[in-house]
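A quick write-up on the structure given underneath.
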Amino acid sequence: MEKYLNGTITKKEESLLEQFDGNLLSKNRKGIFKNERHKKRVAKQLSQNIAGPDKRISFLKWTRVAASLAVMASLGYLLYSKTETKEVEEPIVEIVRTTEWGQKLNLTLADGTQVRLNSGSTLKYPNRFEGDMRHVALIGEAFFDVAKNPDKPFVIESGEVRTTVLGTSFNVNTYPDNDQIAVTVATGKVKVASQESEIFLEPNEQGVFNTKTKSMTKERVDITTALNWKKGIIHFEDVPLSQVLETLEKWYGVSFVLENKNAGDCHISASYDNELLSTVMESIVFAKKGLRYEFLEDHKILIKGKCTD
């Protein structure tokens, strides 16, 4: 048929085509053309639009070509519709991102939600959100700035606690070595629930779930202080040295060894804004004259002496 239209068909091929056209036309004439006027209009359009060395092509030949084209198109459609299969959708893949101690990470989820993952934390989330819920799982600590979607709640599983929001910003602290799971809200409204109870939090409120007693409490907090870690700020307000060292271990990815266990009872009040560990240690021994420190191998630091204040 292509050869026929561009004028390169041989006599033998043209004879075969006419036989083929004749069969198709006789069997499908009623299904191809609506009426005689339709048949003439198709023939006229074909004769005007197809250029070739010889335009003196019989009306019958054009109608046969039109019939062949229409029937073959119909056959092609039927074959396609029967054999067509739905495009196989790519499976949802779970992504796991983990930070080492001393490392922090910024993430953007598929829905546009921004996450700041703190040190020693793990976030599990899908490469795309489907269904009626956006679901992630957190171990450790992270700040979420959730993209608003009233039709699809954003849910964070953190141990025994489930935090549900539509679009807001808040912090979740759920380190395994802590017997508390804390959710602190910066903007919007958040629902925090366990099997036993649930509470609703608004800006500058913190909900705390005790993993031992299974109780849930709510209190007002200074959101700036709660989110200092996001800005690289460490703040201690009359905190025992043992607790200070635990925080520094997570912050800098080191471990401390106390030569004198009683030294852990020293109390520290200080703030550090993106300081080097060596600067922090110098500040501590300056404030506590009886203490000294020594860097050991394998990222260990020995604390020697005792508090004299």
Side-chain angles (χ1 to χ4, degrees), residues 94-107 109 113-126 133-146 154-165 169-186 190-199 201 205-219 221 223 225-236 239-258 261 264 277 298-301:
E94 183 183 67
I95 300 172
V96 180
R97 300 301 301 270
T98 299
T99 52
E100 302 296 334
W101 293 117
Q103 178 189 22
K104 296 178 181 64
L105 184 64
N106 289 323
L107 299 169
L109 308 189
T113 293
Q114 303 290 321
V115 183
R116 175 68 167 170
L117 196 61
N118 203 353
S119 302
S121 303
T122 297
L123 183 68
K124 297 179 182 179
Y125 58 96
M133 185 182 299
R134 294 171 287 170
H135 184 273
V136 302
L138 172 69
I139 299 173
E141 185 172 22
F143 180 83
F144 294 85
D145 189 353
V146 176
F154 191 95
V155 178
I156 302 166
E157 297 285 351
S158 46
E160 300 176 65
V161 170
R162 169 180 281 206
T163 305
T164 305
V165 300
S169 59
F170 56 97
N171 192 79
V172 180
N173 186 318
T174 176
Y175 283 110
D177 60 351
N178 197 334
D179 59 7
Q180 292 183 337
I181 298 173
V183 178
T184 311
V185 178
V190 173
K191 181 176 80 171
V192 181
S194 66
Q195 290 187 346
E196 293 77 15
S197 61
E198 68 178 33
I199 58 174
L201 302 175
E205 289 186 338
Q206 182 181 76
V208 177
F209 175 77
N210 189 298
T211 58
K212 292 182 177 179
T213 64
K214 310 301 180 184
S215 61
M216 188 97 70
T217 59
K218 178 172 72 172
E219 63 179 351
V221 295
I223 190 65
T225 301
L227 299 181
N228 272 336
W229 70 267
K230 280 186 66 211
K231 304 173 185 178
I233 298 173
I234 316 174
H235 178 75
F236 302 113
V239 176
L241 179 62
S242 57
Q243 187 176 329
V244 170
L245 298 181
E246 287 180 6
T247 300
L248 296 180
E249 285 181 338
K250 295 176 180 178
W251 199 270
Y252 293 101
V254 297
S255 60
F256 288 92
V257 179
L258 283 173
K261 299 298 181 181
L277 177 58
D298 300 323
H299 305 287
K300 291 182 179 180
I301 300 174

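What's counted below: heavy atoms across the whole structure, side chains too, no hydrogens, waters or symmetry copies. Positions are given from 1 along the sequence. The structure displayed is predicted, hence computed values, not measured ones.
- Expressed to the nearest 0.5 Å, how far CH2 of Trp251 lies from CD of Gln103 amounts to 13.5 Å.
- By the neighbour-count criterion of 12 heavy atoms within 6.0 Å, atom NZ of Lys104 is densely surrounded, having more than that number from other residues, nucleotides or ligands.
- Thr211 contributes a side-chain N or O that, together with a main-chain N or O of Asp179, makes up a donor-acceptor pair within less than 3.5 Å.
- Looking at every heavy atom in both residues, Leu201 comes nearest to Gly207 through CD1-N, 3.4 Å.
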task = Mind running side chain to side chain contact (heavy atoms under 4.5 Å, CB included) on Glu219 and Glu205 for me, showing each step along the way?
result = CA-CA 6 Å; Glu219 63 179 351; Glu205 289 186 338; over 6 Å; no
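- Qualifying side chain to side chain donor-acceptor pair (under 3.5 Å) partners for Glu249, counting only residues two or more places apart in sequence or in other chains: none.
- Partners of Arg162 according to the salt bridge (charged side-chain N to carboxylate O under 4.0 Å, His left out) rule, which considers only residues two or more places apart in sequence or in another chain, are Glu157.
- Residues forming a side chain to side chain donor-acceptor pair (under 3.5 Å) with Asn118 (at least two apart in sequence, or on another chain): Glu141.
- In this structure, Arg116 CZ and Phe143 CZ are separated by 11.5 Å, a value rounded to the nearest 0.5 Å.
- Nearest heavy atom pair, residue Ile181 against residue Ser158, reads CD1-O, 3.3 Å.
- Other residues, nucleotides and ligands contribute more than 12 heavy atoms inside 6.0 Å of the CD atom of Glu94.
- Here CE of Met133 is found 7.0 Å from OG1 of Thr164. Values are rounded to the nearest 0.5 Å.
- With sequence neighbours excluded, the residues that form a ring-ring contact (aromatic ring centres under 6.0 Å, His included) with Tyr175 are Trp101.
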Exercise. Could you go through the side chain to side chain contact (heavy atoms under 4.5 Å, CB included) check for Ile223 and Thr184 one step at a time?
Key: CA-CA 7 Å; Ile223 190 65; Thr184 311; 3.3 Å; yes
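- The side chain to side chain donor-acceptor pair (under 3.5 Å) search around Asp298 returns none, not counting sequence neighbours.
- Nearest heavy atom pair, residue Ile199 against residue Thr217, reads CD1-O, 3.7 Å.
- Closest heavy-atom contact between Phe170 and Val185: CB-CA, 3.9 Å.
- The shortest distance between side-chain heavy atoms of Phe144 and Leu123 falls below 4.5 Å.
- No donor-acceptor pair closer than 3.5 Å links the side chain of Thr163 to the backbone N or O of Val192.
- Residues forming a side chain to side chain contact (heavy atoms under 4.5 Å, CB included) with His235 (at least two apart in sequence, or on another chain): Asn228, Glu237, Ser271.
- Taking every heavy atom of both residues into account, Ala182 and Val208 meet most closely at CB-CG2, 4.2 Å.
- Atoms CD1 and CG, on Ile301 and Leu258 in that order, are 11.5 Å from each other to the nearest 0.5 Å.
- Annotation: salt bridge (charged side-chain N to carboxylate O under 4.0 Å, His left out) contacts of Asp177 (sequence neighbours excluded): Lys250.
- Of the inter-residue distances, the one linking His299 atom NE2 with Leu277 atom CG reads 11.5 Å to the nearest 0.5 angstrom.
- A donor-acceptor pair is defined here as one N or O able to donate and one able to accept, closer than 3.5 Å; such a pair exists between the side chain of Thr99 and the backbone of Gly120.
- Applying the side chain to side chain donor-acceptor pair (under 3.5 Å) criterion to Gln114, with sequence neighbours excluded, gives Thr108.
- Considering NZ of Lys212 and CD of Gln180, their distance stands at 10.0 Å, rounded to 0.5 Å.
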| said: Would Val96 and Thr122 count as a side chain to side chain contact (heavy atoms under 4.5 Å, CB included) here? Give the steps. | reply: CA-CA 7 Å; Val96 180; Thr122 297; 3.7 Å; yes
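- Leu117 approaches Ala142 most closely through the heavy-atom pair CD1-CB, 3.8 Å.
- When the side chain to side chain contact (heavy atoms under 4.5 Å, CB included) test is applied to Val239, the partners found at least two apart in sequence or on another chain are Phe236, Gln243, Val244.
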task: In sequence, state the C-alpha distance, the side-chain angles, and the governing distance for Trp229 and Ile234, and then conclude on side chain to side chain contact (heavy atoms under 4.5 Å, CB included).
output: CA-CA 6 Å; Trp229 70 267; Ile234 316 174; over 6 Å; no
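- Residues satisfying the side chain to side chain contact (heavy atoms under 4.5 Å, CB included) criterion with Ile95, sequence neighbours excluded, are Arg97, Tyr125, Asn127.
- Side-chain atoms of Ser121 come within 3.5 Å of backbone N or O of Ser119 as a donor-acceptor pair.
- Annotation: side chain to side chain contact (heavy atoms under 4.5 Å, CB included) contacts of Glu196 (sequence neighbours excluded): Ser194, Phe209, Lys214.
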